[in-house]
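Each remark here refers to the structure printed beneath this line.
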Amino acid sequence: MKVLPESFYLRNSVTTIAKQLVGKLLYTHSKGHITSGLIVETEAYSFREHGCHAYQSRMTRRNQIMFGPGGHTYVYVCYGMHHLLNVVTNQAQQAEAVLIRALQPVEGIQVMLDRVNTDTVKRITSGPGKLTKALGIDRTWNGKQLLGTEIWIEEGEKLNTRHLMATTRVGIDYAGEDANLPWRFYWKDNPWVSKV
DNA sequence: TAGAGGATTGAT
DNA sequence: TCAATCCTCTAC
């Protein structure tokens, strides 16, 4: 298997990277367990639009990792109880990121079932808050390099472009016009794509 | 330093 | 449809 190089993340089109991440394999190595899943759903965010935490290049303590170079994780807490995983892209100061919204479980399924406390495989990674729990990711993982031994992404399955769908993003009504951007990408008919 | 709200989820 | 739940950002 081939780990995606840093150059994959440093490119300047966050939507291109978000599309290409669908079908890749995301791995974590947490507390002695390897877990992985095929990425089946992503969303792109850019400092150029209202949906993004770093809109107008405003840097805060929370989002500062987005202003670093691509190839790092951006993990933050949402609604006080869910950790969401982003992949930072583009060069330093160009704050862009791809939100990982859903996976199809591949390795370490029993470990993931235990972490989410369920026995239904379909439940463990079919949503952005759930997949971080399944993979053992919390906010201490913010800023980790995606080339390391704890979290990385490998080449996965070649996805027929007919199966790649683009729609509007979820849960960003506050973004006004930019909420209409077709920046959510998902694998058509894959059962792990999150319910909206 | 207080107050408001959120890139969600699962139960009702 | 709604509550859970807490960190972050903003304004005073």
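Chain A is the first sequence line, chain B the second, and so forth, proteins listed ahead of strands; every chain is numbered from 1. Note that the coordinates shown come from a computational prediction; the quantities given were computed from them, not determined experimentally.
- When the nearest nucleotides of DNA chain B are assigned to Val116(A) and Val170(A) by heavy-atom distance, the more 5′-ward of the two goes with Val170(A).
- The separation between Arg184(A) atom CZ and dT8(B) atom P is 11 Å, rounded to whole Å.
- Here Lys133(A) does not reach the OP1 or OP2 of dT9(B): none of its side-chain N or O atoms lies under 4.0 Å away.
- The pair Arg101(A)-Glu43(A) meets the salt-bridge criterion, since a charged nitrogen lies less than 4.0 angstrom from a carboxylate oxygen.
- Checked by atom type and distance alone, the side chain of Thr125(A) pairs as donor or acceptor with a backbone atom of Leu103(A) at under 3.5 Å.
- For the pair Asn142(A) CG and dT8(C) C1', the interatomic distance rounds to 13 Å; values are reported in whole Å.
- One atom, CG of Asp138(A), and another, C1' of dC7(C), lie 14 Å apart when rounded to the nearest Å.
- In this structure, dT5(C) forms no base pair with any nucleotide, since neither Watson-Crick nor G-U wobble geometry is met with both distances under 3.5 Å.
- Closest to the Arg139(A) side chain, of the nucleotides dA7(B), dT5(C), dC7(C), is dC7(C).
- Pairing partner, dT10(C): dA2(B), with both Watson-Crick or wobble hydrogen-bond distances short of 3.5 Å.
- In this structure, Leu84(A) places its CG atom 15 Å from C1' of dT5(C), rounding to the nearest Å.
- Among the nucleotides dT9(B), dC9(C), dA7(B), the one closest to the side chain of Thr60(A) is dC9(C).
- Backbone-only contact: Arg101(A) has heavy atoms under 4.0 Å from sugar-phosphate atoms and none from a base.
- The side chain of His82(A) approaches dT9(B) more closely than any other nucleotide in the set dT9(B), dC9(C), dA7(B).
- Here dT10(C) presents its C1' atom at 18 Å from CE of Met59(A), a figure rounded to the nearest Å.
- The side chain of Arg62(A) lies closest to dC9(C) when the candidates are dC9(C), dT8(B), dA7(B).
- Atom-to-atom, OH of Tyr45(A) to P of dG6(B) comes out at 13 Å; the value is rounded to the nearest Å.
- The interatomic distance linking Asp173(A) (CG) with dG6(B) (P) rounds to 9 Å, in whole Å.
- Outside the 6.0 Å centre-distance limit, the rings of Tyr9(A) and His72(A) are not counted as a close aromatic pair.
- Distances were taken from every side-chain heavy atom of Met66(A) (C-beta onward) to each of dC7(C), dA7(B), dG10(B); the shortest belongs to dA7(B).
- Of the side-chain N and O atoms in Tyr174(A), one or more sit less than 4.0 angstrom from OP1 or OP2 of dA7(B).
- Looking at heavy-atom distances under 4.0 Å, Arg123(A) makes no contact with the nucleic acid at all.
- Checking dT8(B), dA7(B), dT5(C) against the side-chain heavy atoms of Tyr74(A) singles out dA7(B) as nearest.
- Defined by atom type and a distance below 3.5 Å, a donor-acceptor pair is missing between the side-chain atoms of Gln94(A) and Asn12(A).
- Distance Arg58(A) CZ to dT8(C) P: 16 Å, rounded to the nearest Å.
- Within a 6.0 Å radius of CG in Asn117(A), no more than 12 heavy atoms belonging to other residues, nucleotides or ligands are found.
- Across all strands, Leu99(A) comes closer than 4.0 Å to base atoms (heavy-atom distances).
- No option in Trp183(A), Tyr45(A), Tyr55(A) other than Tyr55(A) meets the ring-ring contact (aromatic ring centres under 6.0 Å, His included) test with His50(A).
- The Asn86(A) side chain lies nearest to dA7(B) when the options are dT10(C), dA7(B), dT5(C).
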